[in-house]
Amino acid sequence: MTEVTTPATPTPMPMPMPRIGDPAPAFTASTTQGEINFPEDYRGSWVIFFSHPADFTPVCTTEFMTFARLQDDFARLNTKLVGLSVDGLYSHIAWLRTIQEKITFRDMKNMEVTFPLIDDISMEVAKKYGMIMPGEDSTKAVRAVFVVDPEGRIRTIIYYPLSLGRNFAELRRVVIALQTADALDVATPADWVPGEPVIVPPAGSCGTAKDRMAGTDEGVECEDWFFCTKQVSEAEVMSAIAR
Ligand code: BEZ
């Protein structure tokens, strides 16, 4: 007798999550501002690409109003905003209209959202970016934030759960700190904000280590050979990162 075997159903391979330093995974999507080709359309700009769990939910509403308020501030940092949720285009449009027409949050009202919000009802983009975390919710995206640089490379990833609204001062600080690191070849210490001392790259040779400790590098102060800082004013930071 011939034995009939059912072919094993292939186990779907989990999608690898993008990592810091990776090129941002490319996609084309329909948004509230028309079709976008990401990250290609954003070459030359920084981008905050973020997901939210669902339209017509309160925490997301407060976040969208805050993003809308900060959009010009981010634009001055050469940074554009792109949002996504597992909702369709008509839901996005209806929600954004409701926000503008009806919702007051803190001192914000009549807030118009003019950055693109992606229709990802298929979850294709959300899965590509690791925005669906089934332990939290298998049909909604968590609050993910990808900061993408002008060359289309992922530079920072931050995740928040559904219940926790993002800290926008931190998102702004992250963009400024990344741009400062690039412009001035420095690193930024814990809780750094512009105007505070920055970290100069560690001494790469015994000679540099010796010079550092001898105090011959102007403006550089060292706690030890590997831990040196220099003062950069807020004005110097803002002028170094200006477009
Ligand atoms: C909110 O945005 O309010 C929300 C969304 C999903 C789960 C919990 C809260």
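Order of listing sets the numbers, starting from 1, for every ligand and every atom in it. Because the structure is a prediction, the values reported are computed rather than measured.
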Starting from Met123, walk the hydrophobic network (Ile, Leu, Val, Met, Phe, Trp, Tyr; side-chain heavy atoms closer than 4.5 Å) and list everyone else you reach, by chain and number. Val86, Ile132

Does Ala54 have a heavy atom less than 4.0 Å from any atom of ligand 1? no

Which protein heavy atom lies closest to atom 9 (C) of ligand 1, and at what distance to 0.1 Å? Leu162 O, 3.9 Å

Between Thr32 and Phe115 the two heavy atoms that sit nearest each other are OG1-O, 3.7 Å

For atom 3 (O) of ligand 1, find the nearest protein heavy atom and state the residue, atom name and distance (0.1 Å precision). Val59 N, 2.7 Å

Return the minimal non-hydrogen interatomic distance between Ser85 and Asp55, and the atom names on each side. OG-OD1, 3.4 Å

For Pro189 against Arg173, the heavy-atom pair lying closest together: O-NH1, 4.4 Å

Below 4.0 angstrom from a heavy atom of Thr57, which ligand 1 atoms are there? Numbered from 1 as shown, please. 1 (C), 2 (O), 3 (O), 4 (C), 5 (C)

Would you say Glu136 contacts ligand 1, with heavy atoms under 4.0 Å as the rule? no

Checking a contact table here: which protein heavy atom is nearest atom 4 (C) of ligand 1, and how many Å away? Arg143 NH2, 3.6 Å

Is Asp120 paired with Lys128 through a side-chain N to carboxylate O contact shorter than 4.0 Å? no

Could you check, using the six-membered ring where one of them is a Trp, whether Phe49 and Tyr129 have ring centers closer than 6.0 angstrom? yes

Would you mind checking which non-hydrogen protein atom is closest to atom 6 (C) of ligand 1, with the distance to 0.1 Å? Pro53 CB, 3.7 Å

Just jot down the ligand 1 atoms closer than 4.0 angstrom to any heavy atom of Cys60, in number order. 1 (C), 2 (O)

